[in-house]
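What follows is a single structure, written as structure tokens, with notes after it.
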Amino acid sequence: NLITASGNKNTAGDSGAGLHVLGTSAELNIKNMSIVANGNGTQGMSVNRGKLSVVGEAGGSNYIQANNNVSTTIGNGTGLYANNAGAQLIIENMDVEANSNGRYGLAAHGGASLNISGISGYNTLNVNNNVHGGLQTTGANSIIEIKDMLINASGNTLFTVEDNAKVDLN
């Protein structure tokens, strides 16, 4: 099973997301599906104050690709993005790629949380060749948590942690 949400840009090319959840009561739950969210205007997958949960089958072959998300006018772009207090982006049992984005592979800002957990020795997180960094978190109570994932990062800074934010690796 596959969701393809790629190439979503406005006519100016400066905004657009593959999957976007907006609002404190907004929630999108996806199970046992792979997602391709490449080449969008600003984010491959994003959540602003709501919840986006993607759960793959344990030991299965589900994956997320969030690559080459770049605004053509301002150069921004993030593969997986959680923004503002209460925002939750949760990924379980998936291989994740967030490569060659205009800014970051993964980012949590303004009190948001981004949680990725896999099966030790089985799931991989690739954050390569992003312009400003692989993982970025900024703002009080912002957190990126990664558990039981093999992390590959090349061609960019792996972590940028700013302004009372946090990154936890297990």
Side-chain angles (χ1 to χ4, degrees), residues 1-9 16-23 25-70 77-83 86-109 112-130 133-137 142-156 158-159 166-170:
N1 297 333
L2 176 66
I3 296 172
T4 301
S6 297
N8 296 299
K9 293 185 179 186
L19 298 175
H20 181 65
V21 176
L22 174 64
S25 298
E27 190 170 323
L28 175 59
N29 298 297
I30 301 169
K31 291 187 178 177
N32 300 325
M33 298 188 79
S34 294
I35 299 171
V36 176
N38 297 329
N40 296 295
T42 48
Q43 290 99 24
M45 295 171 52
S46 66
V47 59
N48 188 338
R49 293 188 178 93
K51 179 180 177 184
L52 174 55
S53 173
V54 184
V55 179
E57 183 179 359
S61 59
N62 294 116
Y63 60 88
I64 293 174
Q65 291 180 352
N67 303 316
N68 302 305
N69 296 290
V70 181
T78 301
L80 304 174
Y81 183 56
N83 189 36
Q88 299 175 61
L89 179 50
I90 301 163
I91 299 169
E92 297 177 12
N93 304 328
M94 310 277 286
D95 288 323
V96 178
E97 284 183 14
N99 300 320
S100 302
N101 292 291
R103 202 165 276 272
Y104 303 105
L106 313 175
H109 295 167
S113 67
L114 197 160
N115 308 87
I116 300 175
S117 62
I119 299 169
S120 184
Y122 190 79
N123 292 114
T124 302
L125 169 63
N126 293 308
V127 287
N128 301 303
N129 302 311
N130 295 288
L135 304 142
Q136 198 261 359
T137 183
S142 297
I143 186 166
I144 294 177
E145 294 178 302
I146 301 171
K147 182 177 180 183
D148 293 327
M149 299 287 289
L150 172 64
I151 302 171
N152 296 310
S154 67
N156 52 224
L158 178 53
F159 300 114
K166 183 175 171 182
V167 171
D168 282 340
L169 303 174
N170 293 309

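- In this view, Ser46 and His20 satisfy the side-chain hydrogen bond (donor to acceptor under 3.5 Å, both in side chains) rule, not counting sequence neighbours.
- The OG1 atom of Thr42 sits 9.5 Å away from atom NZ of Lys9, with the distance rounded to the nearest 0.5 Å.
- You'll find the side chain of Leu114 stays beyond 4.5 Å of the side chain of Leu135, heavy atoms only.
- The closest donor-acceptor contact from the side chain of Asn156 to the backbone of Val127 lies under 3.5 Å.
- Put simply, the side chain of Val54 reaches to within 4.5 Å of the side chain of Met45, judged on heavy atoms.
- The side-chain heavy atoms of Asn32 and Asn62, taken from C-beta on, include a pair separated by under 4.5 Å.
- Listed by chain and number, the residues in a side-chain hydrogen bond (donor to acceptor under 3.5 Å, both in side chains) with Asn1 amount to none (sequence neighbours excluded).
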Only distances under 3.5 Å count here; give the side-chain donor-acceptor pairs of residues 98-108 to other protein atoms, sequence neighbours excluded, each with its distance to 0.1 Å.
{"unit_1": "Asn99", "atom_1": "OD1", "unit_2": "Asn128", "atom_2": "N", "d": "2.7"}
{"unit_1": "Asn99", "atom_1": "OD1", "unit_2": "Asn128", "atom_2": "ND2", "d": "3.4"}
{"unit_1": "Asn101", "atom_1": "OD1", "unit_2": "Asn68", "atom_2": "N", "d": "3.4"}
{"unit_1": "Asn101", "atom_1": "OD1", "unit_2": "Asn69", "atom_2": "N", "d": "2.9"}
{"unit_1": "Asn101", "atom_1": "OD1", "unit_2": "Asn69", "atom_2": "ND2", "d": "3.1"}
{"unit_1": "Asn101", "atom_1": "ND2", "unit_2": "Ala66", "atom_2": "O", "d": "3.1"}
{"unit_1": "Asn101", "atom_1": "ND2", "unit_2": "Asn99", "atom_2": "O", "d": "3.4"}
{"unit_1": "Asn101", "atom_1": "ND2", "unit_2": "Asn130", "atom_2": "OD1", "d": "3.1"}
{"unit_1": "Arg103", "atom_1": "NE", "unit_2": "Asn76", "atom_2": "OD1", "d": "2.6"}
{"unit_1": "Arg103", "atom_1": "NH2", "unit_2": "Asn76", "atom_2": "OD1", "d": "2.6"}

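- In this structure, the side chains of Tyr122 and Asp95 stay at 4.5 Å or more apart for every pair of heavy atoms.
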Worked verdict on Tyr63 versus Val36 for side-chain contact (heavy atoms from CB on, under 4.5 Å): CA-CA 8 Å; Tyr63 60 88; Val36 176; 4.0 Å; yes
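- Atoms CG and CD1, from Leu150 and Ile119 in turn, are 14.0 Å apart once rounded to the nearest 0.5 Å.
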The test is side-chain contact (heavy atoms from CB on, under 4.5 Å); show your working for Lys166 and Glu145 and say whether it passes. CA-CA 8 Å; Lys166 183 175 171 182; Glu145 294 178 302; over 6 Å; no
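- With Val47 as the partner, the side-chain contact (heavy atoms from CB on, under 4.5 Å) test is satisfied by one option alone out of Leu19, Val21, Asn83: Val21.
- Side-chain atoms of Asn40 come within 3.5 Å of backbone N or O of Asn8 as a donor-acceptor pair.
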Mind running side-chain contact (heavy atoms from CB on, under 4.5 Å) on Val96 and Ile91 for me, showing each step along the way? CA-CA 9 Å; Val96 178; Ile91 299 169; 4.0 Å; yes
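- A distance of 5.0 Å separates OG in Ser113 from CD in Gln88, rounded to the nearest 0.5 Å.
- Rounded to the nearest 0.5 Å, atoms CD1 (Ile151) and CD1 (Ile116) are 8.5 Å apart.
- Across all their heavy atoms, Ser61 and Ser34 have their closest contact at O-OG, 4.1 Å.
- Of all non-hydrogen atoms in Met33 and Met94, the two that sit nearest each other are O-CE, 3.4 Å.
- To the nearest 0.5 Å, atom CD1 of residue Ile64 and atom CG of residue Asn38 are 11.5 Å apart.
- By the 4.5 Å heavy-atom criterion applied to side chains, Ser117 and Asp148 are not counted as neighbours.
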Apply side-chain contact (heavy atoms from CB on, under 4.5 Å) to residues Thr137 and Ile143 and explain how you reach the verdict. CA-CA 6 Å; Thr137 183; Ile143 186 166; 5.7 Å; no
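- The nearest pair of heavy atoms linking Ser142 to His109 is OG-C, 3.3 Å.
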Could you go through the side chain to side chain donor-acceptor pair (under 3.5 Å) check for Glu97 and Asn126 one step at a time? CA-CA 5 Å; Glu97 284 183 14; Asn126 293 308; 4.9 Å; no
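- Side-chain contact between Ile90 and Lys51 is present, with heavy atoms from C-beta onward closer than 4.5 Å.
- Note that the CG atom of Asn48 and the CG atom of Leu89 stand 12.0 Å from one another [nearest 0.5 Å].
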